[in-house]
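Worksheet for the structure shown next.
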Amino acid sequence: MNIFVARLNFKTRHEDLEAAFAKFGQVTSAKIVKDRDTGRSKGFGFVEMASDEEANKAIVALNETELDGRQIVVKPANPKTSADGGQA
DNA sequence: ACTGAGCGC
């Protein structure tokens with residue numbers, strides 16, 4: 001289950017997401033999206049969990065909650081499929 | 001160093 005997390009604190013790290021979601025289930029992967037050129041946090045990230053149901057309740061549990069001193073938005077992530085071509 | 005809606009190389 002891929003999870004999209006937005007409105008993160010700019011100093012929040014990937015391990016912070018992993019720790020936050022790991023409290024509700026097993027986190028398979030967690031990543032903070034940073035700027036490719038400067039390396040600064042874009043303020044959002046992605047979390048992948050092994051259990052879909054735990055990920056789902058983790059979303060409703062961590063959505064609009066405070067993380068690292070900032071309220072975050074947690075939603076199911078969209079597929080990375082592009083209109084040009086990618087995943088079929 | 002800063003900013004604050006939104007989807008990752």
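Excluded from the calculations below are hydrogen atoms, water molecules and symmetry mates; all remaining heavy atoms, backbone and side chain alike, are included.
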Legend entry - Pairs involving residues 48-73 of chain A, ordered by first then second residue, that meet ring pair (Phe, Tyr, Trp, His ring centres under 6.0 Å) (sequence neighbours left out): none
Inset, instruction - Scan for ring pair (Phe, Tyr, Trp, His ring centres under 6.0 Å) pairs involving residues 47-68 of chain A, sequence neighbours excluded, and state none if there are none. - result: none
Legend entry - Contacts of type side chain to side chain contact (heavy atoms under 4.5 Å, CB included), residue A:Lys23, not counting sequence neighbours: none
Inset, instruction - Please name all residues satisfying side chain to side chain contact (heavy atoms under 4.5 Å, CB included) with A:Asp35, sequence neighbours left out, ordered by chain then number. - result: A:Asp37, A:Thr38, A:Lys42
Inset, instruction - Hydrophobic side-chain clustering at under 4.5 Å (ILVMFWY, transitive links): who's grouped with A:Phe21? Put none if nobody. - result: A:Met1, A:Ile3, A:Val5, A:Leu8, A:Leu17, A:Phe24, A:Val27, A:Ile32, A:Val47, A:Met49, A:Ile59, A:Leu62, A:Leu67, A:Ile72, A:Val74
Legend entry - nucleotides 3-8 of chain B: protein proximity per nucleotide (B base, S sugar-phosphate only, - neither; heavy atom, under 4.0 Å): BBBBBB
